[in-house]
Structure formats: structure tokens, C-alpha cells
Amino acid sequence: ALDRARRDSAVRAVIVAIDSPGGSVAGGEALHANLRRLAASKPVVAVMGGTAASAGYMVALPAARVFARE
């Protein structure tokens with residue numbers, strides 16, 4: 001889905017909503033790598049919900065902006 005969004009000219013930016021207690025390292029790394037490729041060509045914004053620990057935090061790192069709760 002992220003590769004399709006990267007190639008689709010109608011998609012101008014992507015908002016990633018994160019509400020996760022973590023997850024596997026492999027899953028987090030895969031999502032991080034895909035978001036990094038997407039962020040190279042389109043703006044990516046991460047919005048952290050009530051929980052964004054471990055891999056949830058790693059997924060937010062490629063974003064140009066990260067919004068988090070207090």
C-alpha cells in the first residue's frame with residue numbers, strides 16, 4: 001500500500017496514525033524502511049495516539065513531523 005501511495009500522483013502526503021504498544025523488531029524495521037522510501041518523495045506526518053512504544057516509535061522516525069500527546 002505504501003509503494004502504491006508513493007507512485008500515485010493523486011497522493012500528496014501521508015498521515016501515519018500510531019497507537020501501538022510495540023511489536024516485533026522485524027515488523028517495525030520493515031514498516032520503517034517503507035516509510036523512509038515514501039518520505040523521500042512525499043511528506044509523511046506521524047501522529048502518536050495514547051501508546052507508541054518500541055517499534056511504534058521507530059515507525060514514526062522517517063516522518064517530517066511527529067505529533068504526540070503530552
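Everything quoted here is computed from the prediction, not taken from an experiment.
- When side chains are defined from C-beta on, His32 counts as touching Leu61, because their heavy atoms get closer than 4.5 Å.
- Follow the hydrophobic side-chain contacts under 4.5 Å out from Leu35 and you reach Ile18 in the same cluster.
- Hydrophobic cluster membership is shared by Val14 and Val59, with clusters built from Ile, Leu, Val, Met, Phe, Trp and Tyr side chains linked at under 4.5 angstrom.
- Here the closest heavy-atom approach between residue Arg37 and residue Arg6 is recorded as O-CD, 3.6 Å.
- Here the shortest heavy-atom pairing between Pro62 and Ala39 reads O-CB, 3.6 Å.
- By the rule that hydrophobic residues join a cluster once side-chain heavy atoms approach within less than 4.5 Å of another member, Val16 and Leu31 end up as members of one cluster.
- Under a hydrophobic-cluster definition in which Ile, Leu, Val, Met, Phe, Trp and Tyr are linked whenever side-chain heavy atoms come within less than 4.5 Å, directly or via other members, Ile15 and Val66 are assigned to different clusters.
- The two residues Ser54 and Gly22 make their nearest non-hydrogen contact at CB-CA, 3.9 Å.
- Here the closest heavy-atom approach between residue Ala55 and residue Gly28 is recorded as CB-CA, 3.9 Å.
- Atom CE of Met58 and atom CD of Glu29 lie 5.5 Å apart (nearest 0.5 Å).
- Between Met48 atom CE and Ser20 atom OG the span is 10.0 Å, to the nearest 0.5 Å.
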